[in-house]
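Let me begin by presenting the structure, written as structure tokens, before commenting on it.
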2 protein chains.
Amino acid sequence: MSKRLSATSPRTRRRPGRPVGGGVVVDRAQLLAAAAHVIRSEGPDATMAEIAAAATVTKPILYRAVGDRRALTFALSEVLVDRINIAVEERRVNATDPRAQFEGAVRGYLSAVDADRNLFLFVNGGSQDTDVIRGLIDRSAAQLIELFATARSAAGRDPIAARTWAYAIVGAFQVVTLMWLRDAYCDLDTVADDLTLLLWPGVATAGS
Amino acid sequence: MSKRLSATSPRTRRRPGRPVGGGVVVDRAQLLAAAAHVIRSEGPDATMAEIAAAATVTKPILYRAVGDRRALTFALSEVLVDRINIAVEERRVNATDPRAQFEGAVRGYLSAVDADRNLFLFVNGGSQDTDVIRGLIDRSAAQLIELFATARSAAGRDPIAARTWAYAIVGAFQVVTLMWLRDAYCDLDTVADDLTLLLWPGVATAGS
DNA sequence: GCTCCGAATTTACTCGGAGTAACAAATGAG
DNA sequence: CTCATTTGTTACTCCGAGTAAATTCGGAGC
């Protein structure tokens with residue numbers, strides 16, 4: 001990142017200086033929160049300058065604290081995925097039988113993304129770099145992979161299938177959500193029902 | 001100042017406009033073919049200037065013939081989707097029972113994309129504009145939507161589910177393919193098997 | 001045959017955004 | 001007081017998309 005320039009012999013090591021002139025201490029987390037806020041209000045195609053300005057900060061500060069746009073997107077994808085996971089868990093634990101759990105998870109995902117459309121769109125389309133998309137997918141798929149892999153291993157079968165299944169589910173969710181957000185071709189419950197109808201049979205038998 | 005002349009040889013300081021009558025008529029299809037070619041060889045992050053140069057054409061010509069980058073991406077997505085559909089059909093007709101047809105289609109999709117990785121990556125990540133992605137998805141999903149909708153209508157049920165199902169399948173394929181292309185975490189047949197395992201049960205029952 | 005007009009093209013530009021280098025301000029140690 | 005170090009800001013470069021102005025040639029009119 002930053003290249004420290006060594007001018008002369010470091011006679012004395014100094015503590016990091018304090019902010020100048022009563023400035024606000026800018027923290028990576030604060031910057032991310034501000035970025036999420038401006039994206040939510042201004043839309044998914046916010047520029048780095050806009051994000052910096054919204055955090056009452058200048059661009060180099062943003063860059064030093066968060067990194068470049070890829071890093072920002074990546075970090076915000078963490079935020080979004082965490083939020084989605086919370087919503088999914090909330091819905092899932094309220095159901096007893098597995099299929100209802102799955103359907104609850106679908107609903108939780110959809111409503112979480114619906115509440116954060118712009119962040120979803122930013123994270124999904126914000127970068128032409130596929131590395132970012134890949135990171136987001138991996139993060140989204142992490143639990144699913146683990147879940148499937150343990151089930152699969154317990155059944156004494158090849159756990160490599162877990163990755164494919166997790167990716168497939170993540171992809172299905174992503175695309176359905178994207179199209180649904182843009183077209184609103186039906187209501188949330190219908191989407192959740194149909195998605196469950198399509199995916200649940202496979203998921204139910206996937207562990208075996 | 002501008003130093004654009006430095007790259008060109010001073011001998012051929014200028015190549016004036018070529019005769020219109022005997023010259024090469026540049027056609028939209030030719031430009032698209034050239035674009036596909038350069039993307040395949042140079043990679044998915046080819047610039048418009050590179051594409052134009054590869055077609056032995058200047059940028060304004062490219063822009064007049066095919067439109068801006070979004071239009072180019074859209075057109076190339078047509079090319080890719082058509083190619084995929086051909087491969088899918090080829091594999092599908094060689095199978096008799098429905099499940100084998102589905103699995104064949106999966107294999108056809110994967111091998112077609114594998115043969116055109118760069119084009120796939122260009123089309124998928126080439127634009128930060130979600131409209132392009134949306135168009136690609138709609139195009140990919142068109143047959144699936146129709147297929148599901150007729151099956152669904154024949155069963156006397158709501159055909160709106162067809163869209164969700166088609167989007168889900170397209171998304172599952174897209175993401176699985178993206179991750180598989182980048183990581184090569186297993187071979188094609190394994191991916192096809194696992195994808196079929198996950199999706200087929202739902203697809204088989206989806207019409208009813 | 002010569003000149004001028006229109007169509008197609010190329011050069012050279014603008015515009016916008018990502019990312020960064022150079023500069024200024026301020027602070028604590030010696 | 002002075003200087004080194006850190007922090008923040010201005011102003012820049014770079015690069016690529018998209019386009020406007022300039023240029024040349026084929027062909028029509030004189």
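Reminder, nothing fancy here: chain letters follow the sequence lines and each chain counts from 1.
Here the nucleotide nearest the side chain of Arg69(B), chosen from dG8(D), dG18(D), dG19(C), is dG18(D). The side chain of Lys59(B) lies closest to dA12(C) when the candidates are dT9(D), dA12(C), dA18(C). The side chain of Pro60(A) lies closest to dA21(C) when the candidates are dA21(C), dG8(D), dT9(C). Closest to the Ile61(B) side chain, of the nucleotides dG18(D), dT10(C), dA22(C), is dT10(C). Of all nucleotides listed (dG8(D), dA21(C), dA18(C)), dA18(C) comes nearest to the side chain of Thr47(A).
Counting heavy atoms from C-beta on, the side chains of Asp116(A) and Leu80(A) come closer than 4.5 Å. A 4.5 Å side-chain heavy-atom check between Trp180(B) and Val113(B) finds every atom pair outside the cut-off.
Distance, Tyr63(B) OH to dG16(D) P: 12 Å, rounded to whole Å. Whole-Å rounding puts the Asp68(B) CG to dT19(D) P distance at 7 Å. Atom CE of Met48(A) is separated from atom C1' of dG19(C) by 9 Å (rounded to the nearest Å).
Listed by chain and number, the residues in a side chain to side chain contact (heavy atoms under 4.5 Å, CB included) with Leu147(A) amount to none (sequence neighbours excluded).
If you check distances only, the side chain of Arg64(A) never reaches the base of dG19(C) with a donor-acceptor pair under 3.5 Å.
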Going by atom type alone, with no hydrogens or angles, which donor-acceptor pairs under 3.5 Å involve a side-chain atom of residues 190-201 of chain A and a protein atom two or more places apart or on another chain?
unit_1    : atom_1 : unit_2    : atom_2 : d
Thr190(A) : OG1    : Asp187(A) : OD1    : 2.7
Asp193(A) : OD1    : Arg107(A) : NH2    : 3.0
Thr196(A) : OG1    : Ala192(A) : O      : 2.7

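For the helix from dG1(C)-dC30(D) to dG30(C)-dC1(D), the terminal axes (five pairs an end, C1' atoms, rotation from four pairs onto the next four) enclose an angle of 40°, given to 10 degrees.
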